[in-house]
2 protein chains.
Amino acid sequence: MKQDNILEIFSDLGIRATTPRILIYEYIKLQSDTFSLGDIENALPDTDKSTIFRTLILFEEHHLIHSMEDGSGAMKYCLCRNQGECEEEEFHCHFYCEKCKKTYCLDNQASTNITLPKGFIMNHINFIIKGICDKCSHKTDI
Amino acid sequence: MKQDNILEIFSDLGIRATTPRILIYEYIKLQSDTFSLGDIENALPDTDKSTIFRTLILFEEHHLIHSMEDGSGAMKYCLCRNQGECEEEEFHCHFYCEKCKKTYCLDNQASTNITLPKGFIMNHINFIIKGICDKCSHKTDI
DNA sequence: TTTCTTTTGCAACCAGGTTGCAGAAGCGTA
DNA sequence: TACGCTTCTGCAACCTGGTTGCAAAAGAAA
């Protein structure tokens with residue numbers, strides 16, 4: 001897999017290639033960091049919110065994207081690097097900048113050793129570090 | 001400090017001891033795990049939502065409680081063990097049970113080694129592990 | 001082209017959070 | 001106890017993000 005052709009990716013996963021889905025996937029592919037439903041709404045004003053909402057659910061079910069909560073109030077998403085082959089949820093660590101409100105993916109930046117109490121079963125991890133990002137910390141104006 | 005008397009705690013912090021605040025703090029003190037604004041609303045039907053909201057902000061500003069997002073859609077809170085003396089946000093790890101929707105505080109259960117990229121400044125950590133809690137994992141009915 | 005299934009867009013709704021404001025409550029002083 | 005000022009509360013209204021029902025549109029198969 002790992003192909004760049006949107007139509008191939010969709011057909012491999014058995015997803016119908018409709019206009020909104022293609023537009024949304026094209027948008028997603030351009031994002032280097034995370035994005036929200038609202039971001040897509042702004043980028044694609046002719047596509048309905050509920051369509052975007054259902055498309056994001058579809059993409060996540062097919063492991064094309066991951067979702068996470070960063071505490072901004074809006075669910076954030078990011079492209080899965082393993083296009084549809086990511087069975088196990090990756091250990092995703094994210095950084096939320098409290099100044100520019102951007103959420104970055106930090107892969108392999110945090111090593112964590114978790115010992116859960118007896119009887120607790122781990123399914124997913126939602127790990128958000130909050131602070132100021134490099135771009136914002138370099139600015140002199142507070 | 002570390003007193004149990006609500007009036008003393010409030011006066012030490014310079015917080016006016018009003019009826020809603022006392023009721024809310026009494027409720028909070030009884031909780032062994034986390035709670036939401038909605039939980040307090042249900043427990044105190046005669047107290048207005050906005051009053052609870054503003055009281056929670058007040059309590060958090062005075063470090064009586066901590067807040068965290070567990071992805072349930074509602075902000076969760078828990079009592080600070082150091083009653084008003086917790087300047088630095090503790091490293092709080094929480095466990096969200098996807099079955100009973102309860103969020104547990106897991107103190108000292110996870111050791112984390114974080115190496116942030118250059119220029120990134122950490123202020124807070126929001127670390128949620130999702131899965132099934134001990135009570136729910138022991139139940140035979142799925 | 002016809003028929004059936006899937007998807008979309010609209011509208012409406014919901015929950016949680018948030019705000020403005022008038023009246024109530026608290027508190028110091030007389 | 002009454003007065004006057006400040007703070008707090010309750011109500012109502014609003015906002016944002018998420019979610020759903022449903023009729024119309026689009027896609028796929030025959």
Side-chain angles (χ1 to χ4, degrees), chain A residues 6-7 10-27 34-62 64-78 96 101-103 126 128, chain B residues 6-27 34-62 64-77 96 101 103 126 128:
Chain A
I6 294 177
L7 299 180
F10 283 0
S11 90
D12 281 356
L13 295 171
I15 294 176
R16 252 194 213 174
T18 64
T19 309
R21 288 176 184 171
I22 293 170
L23 287 173
I24 293 168
Y25 194 76
E26 278 176 344
Y27 171 84
T34 64
F35 52 88
S36 67
L37 194 155
D39 292 335
I40 304 179
E41 246 188 305
N42 293 333
L44 308 174
D46 293 334
T47 306
D48 190 73
K49 184 169 66 156
S50 63
T51 301
I52 300 171
F53 173 68
R54 288 186 269 232
T55 302
L56 289 174
I57 291 176
L58 182 80
F59 284 0
E60 190 173 17
E61 280 171 0
H62 287 87
L64 286 174
I65 56 174
H66 294 296
S67 69
M68 85 229 51
E69 302 102 11
D70 63 3
S72 68
M75 181 74 78
K76 291 293 172 62
Y77 303 88
C78 63
Y96 175 73
K101 316 293 181 199
K102 201 167 148 183
T103 298
N126 195 60
I128 309 282
Chain B
I6 294 177
L7 300 180
E8 265 183 56
I9 295 171
F10 284 180
S11 91
D12 280 356
L13 294 171
I15 294 176
R16 250 194 215 175
T18 65
T19 308
R21 289 178 183 169
I22 292 169
L23 287 172
I24 293 169
Y25 193 77
E26 277 174 347
Y27 171 85
T34 64
F35 53 87
S36 66
L37 194 154
D39 293 335
I40 303 179
E41 245 187 305
N42 293 332
L44 308 174
D46 293 332
T47 306
D48 190 73
K49 185 168 65 153
S50 62
T51 301
I52 302 171
F53 173 68
R54 288 184 269 230
T55 302
L56 289 174
I57 292 177
L58 181 79
F59 284 179
E60 191 173 18
E61 281 172 357
H62 287 85
L64 287 172
I65 57 173
H66 294 294
S67 69
M68 85 230 51
E69 301 103 11
D70 61 5
S72 68
M75 180 72 80
K76 291 294 172 61
Y77 303 87
Y96 175 73
K101 318 291 180 201
T103 299
N126 196 59
I128 309 284

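Every chain is numbered from 1, with letters handed out A, B, ... down the list of sequences.
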Asks: Under 4.0 Å: is that the gap between some side-chain N or O of A:T18 and OP1 or OP2 of C:dT6?
Replies: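 Negative; the distance criterion is not met.
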Asks: Rounded to the nearest Å, what distance is computed from the CD1 atom of residue B:I52 to the C1' atom of nucleotide D:dC11?
Replies: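 Atom CD1 in B:I52 sits about 14 Å away from atom C1' in D:dC11.
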Asks: Taking for each residue the nucleotide of DNA chain C with the nearest heavy atom, is it A:R54 or A:K49 whose nucleotide lies nearer the 5' end?
Replies: A:R54
Asks: Quick one: which of C:dG9, C:dG17, D:dC11 gets closest to the side chain of B:A74?
Replies: C:dG17
Asks: From C-beta outward on A:T51, which listed nucleotide comes closest to its side chain: C:dG9, D:dG10, D:dA28?
Replies: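 Given the options C:dG9, D:dG10, D:dA28, the side chain of A:T51 is closest to C:dG9.
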Asks: Rounded to the nearest angstrom, tell me the gap between atom CD1 in A:I40 and atom C1' in D:dT16.
Replies: 17 Å
Asks: Check the distance between C:dT6's P and A:I57's CD1 and give it to me in whole angstrom.
Replies: 17 Å
Asks: Any sub-3.5 Å donor-acceptor pair from B:T34's side-chain atoms to B:T103's backbone N or O?
Replies: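 Looks like yes, one N/O pair under 3.5 Å.
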Asks: What closest approach, in Å, do A:E69 and A:M75 show between heavy atoms, and which atom pair accounts for it?
Replies: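 Scanning both residues completely, I find the closest heavy atoms to be OE2-CE, 3.7 Å.
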Asks: If I take atom CD1 from residue A:I24 and atom CG from residue A:L37, how far apart are they, to the nearest 0.5 angstrom?
Replies: 8.5 Å
Asks: Calculate the interatomic distance between B:L56 atom CG and C:dT18 atom P; express it in whole Å.
Replies: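 From B:L56 CG to C:dT18 P: 11 Å.
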Asks: Please pick, from C:dT7, D:dT9, D:dT20, the nucleotide with the shortest atom-to-atom distance to any side-chain atom of A:R21.
Replies: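 Shortest atom-to-atom distance from the side chain points to C:dT7.
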Asks: Over how many whole Å does the gap from A:E41 atom CD to D:dG17 atom P extend?
Replies: 8 Å
Asks: Rounding to a whole Å, what distance do you find between B:D39:CG and C:dA15:C1'?
Replies: 14 Å
Asks: Nearest whole Å is fine: how far is C:dT6 P from A:D48 CG?
Replies: 21 Å
Asks: Side chain to side chain contact (heavy atoms under 4.5 Å, CB included) with A:Y27: which of A:T47, A:D39, A:I52?
Replies: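 When A:T47, A:D39, A:I52 are each tested with A:Y27, the side chain to side chain contact (heavy atoms under 4.5 Å, CB included) holds only for A:D39.
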Asks: Quick one: which of C:dG9, D:dG18, D:dG10 gets closest to the side chain of A:P20?
Replies: C:dG9
Asks: Report the distance from atom CG of A:D46 to atom P of C:dG9, rounded to the nearest whole Å.
Replies: 9 Å
Asks: When you look at A:Y25 and A:F10, which way does the ring pair (Phe, Tyr, Trp, His ring centres under 6.0 Å) test go after all the steps?
Replies: CA-CA 10 Å; A:Y25 194 76; A:F10 283 0; 5.8 Å; yes
Asks: Checking only heavy atoms, does the side chain of B:S50 share a donor-acceptor pair with the base of D:dC11 at less than 3.5 Å?
Replies: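 Present.
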Asks: Which comes earlier along DNA chain D counting from the 5' end, the contact point of A:T19 or that of A:F53, where each point is its nearest nucleotide?
Replies: A:F53
